[in-house]
Amino acid sequence: MKATLVSNLTQAWQTLHQQGLLPDPNPDRIEVVSTKDPRHGDYACNLALVLAREANLNARDLAEQIIQNLPENSDLLSTEVAGPGFINFQLRPEAKAEIVDQVLSQATNYGTRPPGSEQRILIEYVSANPTGPLHVGHGRGAALGSCLARILEAAGHTVECEYFINDAGRQMDILAISVWLRYLELCGEPVVFPEAGYQGDYILDIAADCHRTRGDVWRASFENIRAGAPDDGPDEDGHNMYLDFLILRARDFLDETVWTELASVAVDTLLERIRRDLDHFGASFDYWQSERKLLDDRKVEQTIAQLREAGHLYELEGALWFRSSEFGDEKDRVVQRSNGQWTYFATDIAYHADKMARGYGTAINIWGADHHGYAGRVRAALQALGIDPERLEILLVQFASLYRGKQKISMSTRSGEFVTLQSLQHEVGQDAARFFYVMRKSDQHLDFDLQLATEQSVDNPVYYVQYAHARICSILERAKDEDINIPEDPCDLSPLTDEGERALQKQLSRYPDAVLRSAREREPHHLTVYLRKLAQEFHAYYNAVAVLVDELPVCQARLRLIMAVRQTLGNGLNLLNIDAPESM
RNA sequence: GCGCCCGUAGCUCAGUGGAUUAGAGCAUCGGUCUUCUAAACCGAGGGUCGCAGGUUCGAGUCCUGCCGGGCGCGCCA
């Protein structure tokens, strides 16, 4: 309907253009919106207001001229100028009711565009370091990424999802030493466990596994390892010095293959758990890219060599720097440390270059807000490599602060203090957790109150939407029991005259816009807002009007209407990967 | 200090430059189950949209400055 109106308006514009009143028509400038206030008709257009200035005409007069040159449209009841110069369109009731048949005939495809009609997109999300289980802080990215993937697919994109595994660098050494020291404890060694090591119980589990399967083969004397070590403390620097000392000595004592095995056993165990948690959470991935592999395949060397050949690198104080400030970054960045090791940034350049070379129109990264300072340098690197940095979109997700009532829970992987994603799911359920995460704009800070989410889960908005769906299913079930003929094909919808029925039809017609907007803005929360509104209108209608009435034509028209509502609720919930239950 | 994000009802938040009256939920108060699921509905109260300018026919929305909060500013990842 909207498209028809835009085309009508374009025609009128063309006519006025030929009369010399207006510039060349441009359909992109024509905005037709579904109105909020029924007094403004069903659709409104601000074209006259937008063009009045350059046409040097009074906006109301111009609106009048546009209306006079609009082609016939049998769906319209009236077209009039309103307010400062809006053109308001009022639809005939039959035209409004068409939406019901449209929803039902398109069924699961309602609100979607043909698959593959838009760009290919890669979404990289979560990518949590494999040094501990996922916690509720990761949940937001997981929910956003997986919902966005579905929404973009519905909007016609071809979407693939990826998890980048940071299985290299110092954190792997910390992981290995943490596991090994716990292992030594199990062997009976008097270990002084470093403050800066990973403290979580999951390390104990991994160590216990190693001890069970390998016995004491990796045992060494902790006294010898520790000999000459500084004290563990008193501040972060001190903690790190003690930790680094232990790592260094451990690598002397242990065979390199043992050290590698320690790390890889830990990473494998943790990754397996991460995969399982994500899978249960409804987040799936097509690719798991390993940083380690990127290094082993010499991708980092190759990419940095490319930068060097292009003249974007220089040496300073023994380190290799990338001149990122020439590409809009705040300052230049080190890519290779004076000790010869690549920085994380270097591997990330290689990773992103590789990603962009894989043929996606757009790559979307979902990052925690604490990484925002990082976006500039990655874009700078892409640009230096001749890749359009606009093709990389970085979505920053603000933190979710976790509360238990008024008590804020601070979390850190190091200290092992965190609430796992798994326990969150266990406490509040997958559906509620996902909905809760995406119902807020992602650049908005989120307060996640566990107490509220658990104790008052009944008030959680997800149940409100699901309940509307279940109620409709229940009515249809009842209709079946009472042998009422449920119309599978279009029937006369003229009995739909109630205010609530008109509101529902209008809301149904807005669904495709809600999906497209969520896709375009990369914001699933528009969809949650839409679904709450549709559910609200249904609940109000349910309380005001009985569907199963004696008069068959009325009953059937209403059944068709609520079936369309059920379909739309189901489609929307499906995009959020949330269950649409038939009963509750 | 510099950079990014945010500031809307008591609380948590929607709000696509658009329409005399800025909307939800929670909380508070008052109603609605003999009738398709009360996990629901109806109603009431509650606002200088942080402050001050500017752009515009029109600003919660865009621009500038200020105030307040969060995050970041490493040869860590």
Side-chain angles (χ1 to χ4, degrees), chain A residues 31 33-37 39-40 44 46 48-50 52-53 58-60 82-86 88 129 131 166 168-172 174 240 291 316-321 330-331 333-348 368-376 396-399 401 439-447 449 452 456-468 470-479 481-482 484 513 517 520-521 525-526 528-529 532-533 535-536 538-549 555 558-559 562 583-584:
Chain A
E31 248 180 75
V33 296
S34 180
T35 57
K36 282 179 221 152
D37 188 335
R39 286 175 305 181
H40 300 138
N46 62 357
L49 287 157
V50 173
R53 194 176 174 79
N58 172 289
R60 282 194 67 104
F86 291 100
N88 290 343
N129 292 342
T131 55
N166 294 120
R170 178 173 137 88
Q171 60 186 352
M172 287 300 106
I174 302 176
N240 279 323
E291 181 186 359
L316 184 72
E317 292 166 4
L320 194 59
W321 295 71
E330 295 163 28
K331 53 182 176 184
R333 312 285 177 177
V334 172
V335 289
Q336 189 172 28
R337 294 194 278 266
S338 46
N339 67 8
Q341 288 203 317
W342 299 113
T343 58
Y344 178 74
F345 178 45
T347 60
D348 225 13
D370 55 336
H371 283 67
H372 68 75
Y374 202 72
L396 294 172
V397 183
Q398 292 293 326
F399 283 157
S401 309
M439 65 187 276
R440 300 277 146 77
K441 266 190 311 202
S442 51
D443 59 9
Q444 185 85 33
H445 196 95
L446 175 73
D447 285 341
D449 187 338
L452 205 74
Q456 302 192 357
S457 62
V458 158
D459 288 330
N460 198 304
V462 68
Y463 293 104
Y464 186 81
V465 177
Q466 290 180 318
Y467 186 45
R471 265 184 155 176
I472 295 170
C473 292
S474 165
I475 296 174
L476 292 167
E477 201 56 39
R478 171 71 73 103
D481 289 348
E482 294 182 5
I484 296 169
D513 270 354
R517 190 176 171 202
R520 195 177 59 239
E521 296 180 18
H525 88 278
H526 292 305
T528 65
V529 169
R532 290 168 80 177
K533 176 86 172 150
Q536 184 203 328
F538 171 75
H539 285 308
Y541 176 65
Y542 179 94
N543 277 273
V545 175
V547 172
L548 302 179
V549 291
C555 178
R558 288 177 181 170
L559 282 170
I562 65 165
S583 69
M584 289 173 76

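Keep in mind it's a predicted model, so treat the numbers as computed, not measured. Any value given below was found using the heavy atoms of this structure, including those in side chains, with hydrogens, waters and symmetry copies removed. Protein chains get the first letters and strands the later ones, always in sequence-line order, with residue 1 at the start of each.
Across the C1' atoms, B:rG43 and B:rC36 are found 24 Å apart, a figure rounded to whole Å.
Here A:His525 does not pack flat against the base of B:rA14, since the 5.5 angstrom centre distance and 30 degree tilt limits are not both met. Stacking between A:Tyr464 and the base of B:rA39 is absent under the criterion of ring centres within 5.5 Å and planes under 30 degrees.
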- Pairing string of RNA chain B (Watson-Crick or G-U wobble, both atom distances under 3.5 Å; | = paired to other strand) is (((((((..((((....[....)))).(((((.......))))).....(((((..]....))))))))))))....
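Ranking B:rA19, B:rA77, B:rG74 by closeness to the A:Glu291 side chain, first place goes to B:rA77.
Annotation: of the two residues near RNA chain B, A:Ala319 and A:Phe86, the 5′-most nearest-nucleotide partner is A:Phe86.
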Could you write out each protein N or O paired with an N or O of nucleotides 35-37 of chain B at a distance under 3.5 Å?
| from | atom 1 | to | atom 2 | distance (Å) |
| --- | --- | --- | --- | --- |
| B:rC36 | O2 | A:Val547 | N | 3.4 |
| B:rC36 | O2 | A:Leu548 | N | 3.2 |
| B:rC36 | N3 | A:Val547 | N | 2.9 |
| B:rC36 | N4 | A:Tyr542 | O | 2.6 |
| B:rC36 | N4 | A:Val545 | O | 2.5 |
| B:rU37 | OP1 | A:Ser474 | OG | 2.3 |
| B:rU37 | OP2 | A:Ser474 | OG | 3.1 |
| B:rU37 | O5' | A:Tyr542 | OH | 3.4 |
| B:rU37 | O2' | A:Tyr467 | OH | 2.1 |
| B:rU37 | O2' | A:Arg471 | NE | 3.0 |
| B:rU37 | N3 | A:Met584 | O | 3.4 |
| B:rU37 | O4 | A:Met584 | N | 2.9 |

Could you go over nucleotides 4-9 of chain B and give all protein N or O partners under 3.5 Å, atom names and distances?
| from | atom 1 | to | atom 2 | distance (Å) |
| --- | --- | --- | --- | --- |
| B:rC5 | O2' | A:Gln398 | NE2 | 3.4 |
| B:rC5 | O2' | A:Asp443 | O | 3.0 |
| B:rC6 | OP1 | A:Asp443 | OD2 | 3.2 |

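Between A:His526 and B:rG15 there is a side-chain N or O to OP1 or OP2 distance below 4.0 Å.
Nucleotide B:rC6 carries an anti base; the chi torsion (O4'-C1'-N9-C4 or O4'-C1'-N1-C2) is more than 90° from 0.
For the pair A:Ala346 and A:Val335, the tightest heavy-atom approach, listed with the atom from each and the gap, is CB-O, 3.3 Å.
With rounding to whole Å, A:Asn129 atom CG is found 11 Å from B:rA77 atom P. To the nearest angstrom, C1' of B:rC76 lies 12 Å from CG of A:Asn166.
Looking at A:Thr131 and A:Gln171, their side chains never bring a donor and an acceptor atom within 3.5 Å of each other.
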